[in-house]
Amino acid sequence: MSGATLTIGDYQALVSAFEAEAMPAIAGADSVDALEAVRAKHLGRAHGWLRTLSARLGELDRGDRAAAGRAFNEVRVRVEDALAERQQTLAPAREGGALADPTMPARHSWAGVVHPVSQVLDEMIAIFRELGFTIALGPETESPWYNFGALNFPADHPAMDLHDTLYVSDDVLLRTHTSPVQVRTLQAYPPPIRVLIPGNVHRRDPFDASHAPAFTQVEGLVVDEGIGFADLKATLNHFARRFFGAAKTRFRPSYFPFTEPSAEMDVVCGVCNGSGCGVCKQTGWIEILGSGLVHPAVLESAGVDSERYTGWAFGMGPGRTALARHGIPDIRILYDSDVRFLGQFSR
Amino acid sequence: MNISFEWLKAFVPHDLSAEAVRDLLTMHVATVEGFERIRAELDPFVVGRVVESEKIPDTRLSFNKVDDGSGTLLDVVCGAPNVTVGASYPFARTGTRMPGGLVIEKRKIRGFTSNGMLCSPRELMLGDDHDGIMTLDTDAAPGTPLLDVLKLGDVRLAVDVLPNRPDLLSHLGIAREVAALTGKPAGMPAELAAVKGVKRAVRGESSESAGGVSVTIEDAADCPRYCAAIIRGVKVGPSPDWLRRRIEAVGGRSISNVVDATNYLLHGFGQPVHAFDLAKLAGAKVIVRRARPGERIVTLDGVDRALSPEVLVIGDGNAASALAGIMGGQASEVTGATTDILLEVATFSPRVVRAGRRQLGMSTDASYRFERGIDDAAVARMAALAGGLVIAVAGGVIEALIDVGAKPTARKSVLLQPTKVGKLLGDRVGSAETVKILESVGFSVAKGDAGLRVTPPSWRHDVSRDVDLVEEVARLRGYDRLPDALAGSRPSSVPDHPLYAVGVRVRDALVAAGLCEVRPLPYIASPDSGSLGAVRVRNPIGEDEPYLRTQILTTLARRAEYNLSRMQRDVRLFEIGTSFVVAASGDVREEMRVGALVMGARRPSHFTEAEPPAFDAWDAKGLAELIARAAWRGARVDITEGSAGTLWSVAVDGAARGVVRSVELDAPVWAAPAFGVEVTLGRVATAAVAARGTHDYSRGEIPSVRVPRRYVALPTTPAAEFDLALVVPDGVPATEVERLMRRTAGETLESIALFDEYRGSGIPVGTRSLAWRLTFRHPERTLRDKEVEGRRAQVLKMLGQELGISVRAG
């Protein structure tokens with residue numbers, strides 16, 4: 001049957017005519033408004049050329065419609081591309097150049113975060129690296145000898161009560177401090193030794209606002225000939241000035257089985273400047289670290305000549321420092337890993 | 001250890017303020033952690049004297065003129081029946097806050113104005129007496145602070161005594177230090193001046209009887225010394241005020257004169273003393289022995305305890321009547337009906353007391369001191385003093401003093417080279433000063449050719465080497481007085497641990513990629529699936545999480561769920577931490593690993609992209625590559641099809657290093673899928689480095705020097721490129737197609753990039769369309785079109801022949 005009122009040849013001519021008229025008009029539009037007028041005339045929904053061409057497809061023989069549709073589509077794509085291109089030329093606003101509304105927000109990518117405890121650790125490490133310290137690491141599961149015996153803990157003594165210990169077996173425990181790495185390092189390398197030992201340690205403490213059963217420690221060890229308390233004080237004072245901006249420190253007696261003499265270092269409270277406040281429990285001082293001269297028994301545990309070599313060591317908790325410096329009231333927040341908390345510390 | 005400032009002053013009269021004592025102890029002895037004024041609430045009260053008094057008719061009240069030292073007599077209305085003209089009473093001026101909280105104000109009572117209040121003991125919280133106002137037995141002038149008259153003011157110092165210094169667990173011990181630091185002599189408190197009349201002890205080696213009582217020590221190793229004071233005819237009752245005040249000043253509760261006297265010895269001298277009701281000791285026998293299997297005792301706290309032979313007990317003729325060095329038994333407790341007592345003053349083995357109290361899960365003031373060590377040379381003296389104190393406050397006579405066991409041998413002396421002090425402290429401390437300092441805290445020093453031979457006093461258990469003496473000198477001079485000077489340092493012989501640098505690089509790469517570092521607890525509820533044996537903690541903090549994780553992703557999954565439970569849908573977490581497994585050998589194997597988990601939006605939303613696409617598996621694959629390249633710079637990284645349960649395996653230079661996988665979460669419906677990467681950065685050696693007491697310098701880790709990357713000259717000729725849209729049968733992986741293209745495209749092929757995948761209309765079922773861009777370049781000249789076209793034809797031919805791939809039509 002041939003009810004067609006339009007031949008394929010006629011239709012193709014119409015399409016070509018459309019393109020021949022539209023293209024120069026687009027190229028000739030010299031403003032966004034002019035271009036908009038062209039768009040309305042040729043591609044407008046109400047009575048543009050496109051609509052006409054699309055409607056007249058129905059007038060073709062069924063067998064011709066596919067070919068005609070292809071021709072129509074090809075031209076449509078070309079005209080639309082030309083329009084978009086001309087639009088870009090006339091109004092490049094959206095990509096660079098003058099913006100219609102420069103107050104609109106920037107496009108961001110996600111900001112990564114170094115955990116606040118790692119940030120503290122990094123800063124501590126950076127200061128000691130300037131002083132020639134290198135980084136030593138060791139395992140979290142340890143033998144009782146490395147954790148206690150080699151560090152001069154008297155067997156079955158109340159000193160052990162300060163380290164409530166998690167045991168895996170009779171021979172394996174979770175280290176209660178990073179100090180076993182002192183012994184491992186002294187066994188593996190000859191003096192001079194200047195190392196910093198960061199790592200996780202475990203105590204059988206309930207998980208509450210001020211205790212965590214696993215936490216990060218960092219300790220330092222210096223062993224060489226002629227090392228004494230004056231070097232300990234000078235180095236740790238330097239650290240306190242650099243890290244805390246502390247104008248004043250004080251050293252007071254303490255006890256650790258693996259150091260003798262042992263000392264605790266305080267820095268003057270940054271909140272009250274020493275006059276006493278809630279932060280420093282009215283003492284004017286904040287406890288920062290434990291330290292002391294390496295006990296000769298520790299050197300001897302590692303086969304080091306304790307008459308020839310002496311040394312000092314210190315240890316501190318970057319977690320506590322992170323809590324204090326950021327005003328975090330509950331240690332568990334450091335472990336929760338809430339992305340909103342972490343996001344506060346992006347750099 | 002609670003120290004009463006006033007009690008301390010009784011041992012060592014000094015003129016320091018409580019604050020000065022606190023600072024002195026903290027800087028030289030042990031940290032004072034607590035500082036609490038006792039009865040500070042009575043500071044505002046003064047002595048008031050009643051000058052005139054008249055009854056107000058038809059009431060119980062009196063109208064008085066009170067002299068409060070201000071120069072003006074005050075009108076005061078009082079309801080007490082015992083107002084006496086000329087007597088002195090505690091007086092609260094207007095504005096004074098009462099211990100109960102009420103503030104005294106001027107007010108009118110029955111038309112009479114009252115300017116203050118005369119107080120009863122109960123109103124001052126000094127007792128229950130409210131029958132009348134508190135008559136002061138004083139001739140102090142009106143206006144004198146009440147606390148000056150009552151001598152009730154005190155300061156409680158909480159001293160943090162560390163395990164090496166049990167000698168500081170008493171007022172005497174602290175007094176010795178204060179004496180050494182101030183130069184004031186320490187001595188017996190004045191309140192003990194009346195204590196006397198002690199008999200000579202009857203001594204025995206392992207057993208002795210006197211006063212109708214026998215004492216036997218079964219094993220001297222458990223109990224080197226046992227002294228018993230037999231006292232008959234005591235009258236158990238309330239303590240005298242001075243004794244009650246001492247006990248209350250250290251936070252104790254006054255119980256009775258006999259018990260308070262034993263506690264005076266404990267807190268005053270560090271000597272635990274136990275009082276038995278002698279009548280309740282069967283056979284009047286004391287036998288220091290191990291508990292028998294199955295034996296039981298009800299202790300003073302009312303707990304019925306099953307004993308084992310680990311526990312040392314004080315037995316009588318029948319049964320256990322006390323846990324030696326730990327706690328007395330209820331059956332032989334001193335009560336109001338007690339008339340005859342046995343006072344036990346002994347030395348028990350620290351180890352045995354510790355083992356026993358741990359076995360029983362208890363700790364007492366006595367066990368605390370015994371397990372740290374008491375002054376064993378003082379035991380007989382303390383027994384005599386205890387007996388004397390009891391009869392001074394409770395009456396009775398000491399019938400006998402029994403002393404069984406050996407006198408302690410003298411402490412071992414320590415040789416100290418005086419130069420060592422200066423060498424370690426960096427200070428010139430003369431030999432004379434060293435001797436003076438050591439002698440000030442009880443050491444005896446003999447000078448010899450070899451150096452100073454120093455013998456610690458019997459109360460010190462912490463001195464066995466010369467460095468212990470150096471500490472004495474350092475702390476007593478004061479750490480603050482020691483010089484502060486950097487020693488010239490030699491470079492450390494220890495290289496950085498290789499894993500440290502790796503960890504930092506990986507962390508920085510992941511942070512730059514927008515991930516957040518976490519540091520969670522490594523404990524998990526149950527062994528991770530699909531892994532070797534998980535390590536179980538024998539005594540975990542909570543039975544709900546007794547295992548150590550074998551995979552970081554297990555921890556990250558729980559942290560992701562935590563975030564989801566707080567409505568946080570965009571989660572990007574990573575951790576660099578330790579994983580633990582039990583190796584085939586039975587040893588724990590530790591690895592430093594990095595885990596990363598991503599879910600939710602790939603980018604923050606923006607007005608140009610309201611809903612950014614969610615992370616998918618390809619992002620996770622990219623993170624795996626990022627991690628591997630950061631950790632192993634320049635190494636070959638292969639991300640290949642994963643084994644069961646994983647998406648991909650990660651290999652570095654051919655060695656398996658990790659996986660990429662979907663992460664199953666207990667997640668709400670709105671949560672996006674989670675993808676994870678876990679890569680092992682390296683082993684952390686758990687084995688011993690060397691035998692005890694030795695070193696092995698061959699065992700140190702020496703990081704390898706990295707082979708640097710070679711420069712490749714930048715091209716000077718133009719590239720030629722073409723795209724290939726191919727129809728690839730399913731089952732032919734893209735890498736295989738690429739491999740074939742590389743093989744057949746010739747040596748001018750520079751790069752291949754896959755840029756599209758399409759399935760759907762126009763593409764036959766059972767195939768997909770993949771499109772690559774191939775770039776060619778000749779190092780010296782421009783490639784001719786014909787050459788490139790030839791390559792294209794060759795590639796297509798081979799693809800068709802070998803993999804059944806055709807060019808996509810249209």
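Basis for what follows: all heavy atoms, side chains included, without hydrogens, waters or symmetry-related copies. Residue numbering restarts at 1 for every chain, and letters A, B, ... go by the order of the sequence lines.
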Any salt bridge linking [X] with [Y]? Criterion: basic side-chain nitrogen under 4.0 Å from a carboxylate oxygen.
{"X": "A/R250", "Y": "B/D480", "value": "no"}
{"X": "A/E300", "Y": "B/R465", "value": "yes"}
{"X": "A/D122", "Y": "B/R507", "value": "yes"}

| field | B/E371, part contacting chain A, at a heavy-atom distance under 4.5 Å | value |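 Interface part for B/E371: both.
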| Heavy-atom contact with chain A under 4.5 Å, split by part of B/R358 |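 B/R358 touches chain A through side-chain heavy atoms alone.
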Given a strict heavy-atom distance threshold of 4.5 Å, which part of [X] is in contact with chain B: side chain, backbone, both, or neither?
{"X": "A/R175", "result": "neither"}
{"X": "A/S109", "result": "backbone"}
{"X": "A/D224", "result": "side chain"}
{"X": "A/L121", "result": "side chain"}
{"X": "A/P206", "result": "backbone"}
{"X": "A/Q119", "result": "neither"}
{"X": "A/A214", "result": "both"}
{"X": "A/S346", "result": "neither"}
{"X": "A/L196", "result": "neither"}
{"X": "A/A297", "result": "both"}
{"X": "A/L342", "result": "side chain"}

| query | How would you list, by chain and number, every residue that makes a salt bridge (charged side-chain N to carboxylate O under 4.0 Å, His left out) with B/D570, sequence neighbours excluded? | reply |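 Checked B/D570 against salt bridge (charged side-chain N to carboxylate O under 4.0 Å, His left out); zero matches.
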| task | Scan side-chain atoms only and decide if B/Y562 and A/D336 contain a donor-acceptor pair under the 3.5 Å cut-off. | result |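 Indeed, the side chains of B/Y562 and A/D336 share at least one donor-acceptor pair under 3.5 Å.
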| said: Under 3.5 Å, is there a donor on one side chain and an acceptor on the other for A/R252 and B/T31? | reply: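 Distance-only check passes for A/R252 and B/T31.
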| task | Check whether the ring centres of A/H202 and B/Y523 lie less than 6.0 Å apart, and answer yes or no. | result |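 Under 6.0 Å, so yes.
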| request: For B/N539, check side chain to side chain contact (heavy atoms under 4.5 Å, CB included) against everything at least two apart and list the hits. | output: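 Once residues adjacent in sequence are excluded, the partners of B/N539 under the side chain to side chain contact (heavy atoms under 4.5 Å, CB included) criterion are A/L166, A/Y167, A/R204, B/V537.
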| query | If you count heavy-atom pairs under 4.5 Å with chain A, which of B/G426, B/A487, B/P522 comes out on top? | reply |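 Option with the greatest count: B/A487.
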| Do you know which of B/R519, B/R559, B/R566 has the most heavy-atom pairs with chain A at a distance under 4.5 angstrom? |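 Highest number of heavy-atom pairs under 4.5 Å: B/R519.
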| query | Where do B/Y500 and A/I125 land on the side chain to side chain contact (heavy atoms under 4.5 Å, CB included) test, with the steps shown first? | reply | CA-CA 12 Å; B/Y500 170 72; A/I125 287 173; 3.6 Å; yes
| query | Given the options A/D231, A/T283, A/I135, which has more heavy-atom pairs under 4.5 Å with chain B than any of the others? | reply |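 Looking at each of A/D231, A/T283, A/I135 in turn, A/I135 comes out on top.
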